[in-house]
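To start, the structure itself, in structure tokens.
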Amino acid sequence: MTDADSSSTDSTKQKHLYLVDGSAYIFRAYHRLPPLTNIHGEPVGAVYGYTTMLWKLADELHKSDGPTHMAVVLDKSSQSFRNELYSEYKAHRPEPPEDLRPQFPMIRDATRAFSLPLIEEENVEADDMIASYTKAAVAEGWKVTIVSSDKDLMQLIEPSDDSRVDMLDTMKNVRMGKATVEEKFGVGPEKLGDVLGLMGDSADNIPGVPGIGPKTASKLINEYGDIEAVLAAAPDMKKSKMKENILENIEQARLSRVLVTLKEDCPLPDTLDSFLIKDIPDAPLREFLTHHGFNSLLKKLGGGQAEPQNPDVDGSIGDSAPPAAAKPVEAPAIDRSTYECVQDLETLDIWIDRARTRGVMAVDVETDSLESVTARVVGVCMATGPNEACYIPLGHGSGDMFAESPKQIATDEALARLKPLLEDDAVLKVGQNLKYDMTVLAQHDIQITPFDDTLVMSFNLDAGLHGHGMDELSKLHLGHECISFKSLTGTGKKAITFAEVPLDKATEYAAEDADVTLRLWEILRLRMAPEQATRVYQMVDRPLVPVIAKMEETGVLVDREELARLSRSFAENMESLEKEIHALAGETFSIGSPKQLGEILFGKLGLKGGKKGKSGQYSTDVTVLERLAGDGEPIAQKVVDWRQLSKLKSTYTDALQEQINAKTGRVHTSYSLSGAQTGRLSSTEPNLQNIPIRTEIGRQIRQAFVAAPGNVILAADYSQIELRLAAHIADVKTLKEAFAAGEDIHNRTAQELFATVDRDTRGRAKTINFAILYGISRWGLAKRLEVDADEAQAMIDTYFERFPGINRYISETLQAARESGYTETLFGRKTWFERLKSANQTERQGSERAAINAPIQGTSADIIKRAMARMLPALAEAKLPAVKMLMQVHDELVFELPESDVAAASDVIRTVMSGAAEPAVKLSVPLDVDIGTGKSWDEAH
DNA sequence: AGACTCACG
DNA sequence: GACGTACGTGAGTCTT
């Protein structure tokens, strides 16, 4: 197309320079793409990403406004004039990770393979070089496109509406101009430097003004004009923390402003004309692609035309990659106009027949509330194929009491027709988080069976990679943006319920839900077996869904009077503490404000303690306060006591009263099946998994969790389950013997490590045991035990020596996780760890610790989940139908049962829980279960 | 909305 | 050479 000798003749053609910010791209590609290796075993993830990016840019050549000139700019060294101004500039940046470093030369190879000019200058940052070339080109009347997404470079966009400079983000495939800057930063490109200077940039270690982020920065700049004006106006601002921060950091703000300014007058090593795009010769490119085995690109090269497809991963190199997120779907695009609103029984019957014929359907129940226990059914939707979906409105009103309700089938009649279908063994029901629908339909005595749950399937395939909400899955797997619930109902005070949404809108939304759910199921189910997710799905998580639904529905009885009594008592104690604290401080202040408290303690009273974090605030957490209390500061202990009471009152005794359901008189939590990446459940609204127990005062709250008259509470918990599993998984003979013999495991550990057993050594042994489970570091252990790092290291060494197997478990787990990207529990539950190869050391080490812990915590979760799924059938078989399972707290199950059933139920519960791993997994340690009973949850412990 | 603190296993 | 350090959660309060 373009060739060298045409440049002199087409002086009329608009010259357009593309400047590629290569360095920034490489780091992004490295973090975003899976850790690929090429056919020689060399890591090439970033190279592959970079190559596909250049390939994509080649498509730009065909466009009318495409590039006539192009060059790639790379950072050669990290030094520049900024380091002289400010020694901390980019000082915190870690070295590039080991598997990225060898890719830098390959990236130069790739650039040469495309016959593109490469600019890299000693002591000049790529950003400045790009700025300088941009200015030079614009001065010649050229257009410039900067291929990057770096916000600093956005300063180069011209403030006029017809800016000759724009930016292109090839990863997101978006062009960015003046409007992008205004949208993102609230100011035009010409003021961007002022905003960036004020807010700072943690990525480059530019400090800015503490406490000022993008929002505040743009507000200030819009109000005053630029940084200098803000600084000048600061003394007259009204008193606030922000004003103080500005006044204390004037010089720092000025420095930051200079640091973010791009240098536009760097010497240019090559002329603009030398960047003229010539034909790209095939040979070097072909050689490069062949060398790395980038087969799909090679194929495109052979075919001649470069198709602007998604750059997929070559089959030959992708074997260690996580499953590709977006799959091509053969189903037709989602078309909301095909959805039907079902308003009479005849039509409903047609849909029911259709579902029976298909053998599989998606279903979703719409209600007027998120409180599943008491929510009213507003409608039901179902899908039987792509774009084959309907909505059956049942409880819609007009929202206007004088107007008629829309035509709809009576709820009872429709549900009576749907019940046989929903319970039909020959029709698989697919839903997204069916736990909710099951709870709602339980009010109408309807089961949903058999079923598949796309939320659970996604969680079993991709835990750790992304969320599992339907909107997110739809975007990811179908490339489809769902109608948002909020767009129909609004938010806040003016929000309406789904019952008030007009039928046409409701049909579009609800039928789409079912349509999307069925499409997701088609995609996910095909992945289950090949990706080994079937086992944990079928043996652990799917059976749990109706069990959790039932527990939520049952709820737990909470004594409101008891809570109110505690609230009053806590309030009284807080009041007297507050007076004493204010007296000691010499002034009144808000004790609940960490900011004010820090300033009183460390500012006014002059106690010693350090600043922390970018916010520049004193830390006042319990470890700090207890240290002060230990130094004999009476105010510190009083604050600790006040804090405890305040926490207990607001989070528990006050909040819990409000959670008592008006209809049932009980508290119904919601368990999230995908809440914790390790496979644990989590509990919300309220969280019943963190009710106090560790302190005497807190424990009183458990006295309010009671049994109905004639009943008692029974609590059954696994004893040391995670340590037992660690002993089994890491095959530690000493520990296994100790558990088999029923020894106290922390005593045994103390014996092995310190050769003596007393309170002190047992306590330290316990700390070390937990540290092992959590992925130990000598620094972490040192801090906990208040010893120095060397001593901590010595203890770790002794531990590894005494308990061989632990060390091996850690290194094998990490190695396997680095290779595959995930860890596995004994039941095959996967947890993905994408940050295991992060360039950020803190991030990477954090992932390593999480990966060490996940198989143990996850196996424990698997086991108690299996126990839960088996519990109700086992109780039924033992003729104990009155026993209710109320709560799960990770290693504990809580029941409510008639007093007369205690002995028999205890046997069943203990048997089910201790044997929950079997027969799928045979453990080499016993699983002991402690059981207690009483009138309240407190007494049951 | 985000930081901070703290409740649980 | 500095940094921040145990794993997994949810929620209330204060501040911007």
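To find a chain, count down the sequence lines: A is the first, B the second, and so on, and within it residues start at 1.
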In plain terms, say whether [X] and [Y] are close enough for a salt bridge, that is, a side-chain N and a carboxylate O under 4.0 Å apart.
X: A:E633; Y: A:R627; value: no
X: A:K830; Y: A:D462; value: no
X: A:E843; Y: A:R849; value: no
X: A:E599; Y: A:K604; value: no

Using whole Å, what does the distance between atom [atom2] of nucleotide [N] and atom [atom1] of [X] come to?
X: A:W642; N: B:dC6; atom1: CH2; atom2: P; answer: 11 Å
X: A:W937; N: B:dA7; atom1: CH2; atom2: C1'; answer: 12 Å
X: A:R849; N: C:dG4; atom1: CZ; atom2: P; answer: 13 Å
X: A:D621; N: B:dA7; atom1: CG; atom2: C1'; answer: 14 Å
X: A:F770; N: B:dC8; atom1: CZ; atom2: P; answer: 14 Å
X: A:Q644; N: C:dG12; atom1: CD; atom2: P; answer: 18 Å
X: A:Q659; N: C:dG10; atom1: CD; atom2: P; answer: 15 Å
X: A:I796; N: C:dA6; atom1: CD1; atom2: P; answer: 13 Å

I want to verify a distance call: between [options], whose nearest atom is closest to the [X] side chain?
X: A:T651; options: B:dA7, C:dT16, C:dG12; value: C:dG12
X: A:N687; options: C:dA11, C:dC7, C:dT16; value: C:dA11
X: A:A655; options: C:dC3, C:dC7, C:dG12; value: C:dG12
X: A:I693; options: B:dC6, B:dC8, C:dA6; value: B:dC8
X: A:S619; options: C:dT13, B:dT5, B:dC8; value: B:dT5
X: A:R643; options: C:dT5, C:dC14, B:dC6; value: B:dC6
X: A:T684; options: C:dA11, B:dG9, B:dA7; value: C:dA11
X: A:R702; options: B:dC8, C:dT5, B:dT5; value: B:dC8
X: A:S593; options: C:dT16, C:dT15, B:dC6; value: C:dT15
X: A:T216; options: C:dT16, C:dT5, C:dG4; value: C:dT16

Using only heavy-atom distances, decide whether a donor-acceptor pair under 3.5 angstrom links the side-chain of [X] to the base of [N].
X: A:R694; N: B:dG9; result: yes
X: A:K647; N: B:dC6; result: yes
X: A:R784; N: C:dA6; result: yes

Remember a base hit wins even if backbone is also touched, and classify [X] as base, sugar-phosphate or nothing at under 4.0 Å, heavy atoms.
X: A:A771; value: base
X: A:S683; value: sugar-phosphate
X: A:Q677; value: sugar-phosphate
X: A:S650; value: sugar-phosphate
X: A:L773; value: nothing
X: A:T669; value: nothing

Quick check on [N]: is either OP1 or OP2 less than 4.0 Å from any side-chain nitrogen or oxygen of [X]?
X: A:S682; N: C:dG10; value: yes
X: A:T620; N: B:dT5; value: yes
X: A:Q596; N: C:dT15; value: yes
X: A:K215; N: B:dG2; value: no

Pairwise side-chain contact, A:L673 with A:D541, heavy-atom cut-off 4.5 Å (strictly under) = no
request  = Could you tell me which non-hydrogen atom of A:T831 sits nearest to which non-hydrogen atom of A:Q677, and how far apart they are?
outcome  = OG1-O, 3.1 Å
key: A:K243 atom NZ, neighbour heavy-atom count above 12 within 6.0 Å   = yes
Between [M] and [N], how far apart are the [atom1] atoms? Round to whole Å, please.
N: B:dC6; M: C:dA6; atom1: P; value: 15 Å
N: C:dT5; M: B:dA3; atom1: P; value: 14 Å
N: B:dT5; M: C:dG4; atom1: P; value: 14 Å

query = Which one is paired to C:dC3, where only Watson-Crick or G-U wobble pairs with both distances under 3.5 angstrom count?
reply = none
inquiry  = Which is more 5' along DNA chain C, the nucleotide nearest A:G592 or the one nearest A:Q857? Just name the residue.
reply    = A:Q857
query = Using a distance-only test with no angle check, is there a side-chain donor-acceptor pair under 3.5 angstrom linking A:E371 and A:N661?
reply = yes
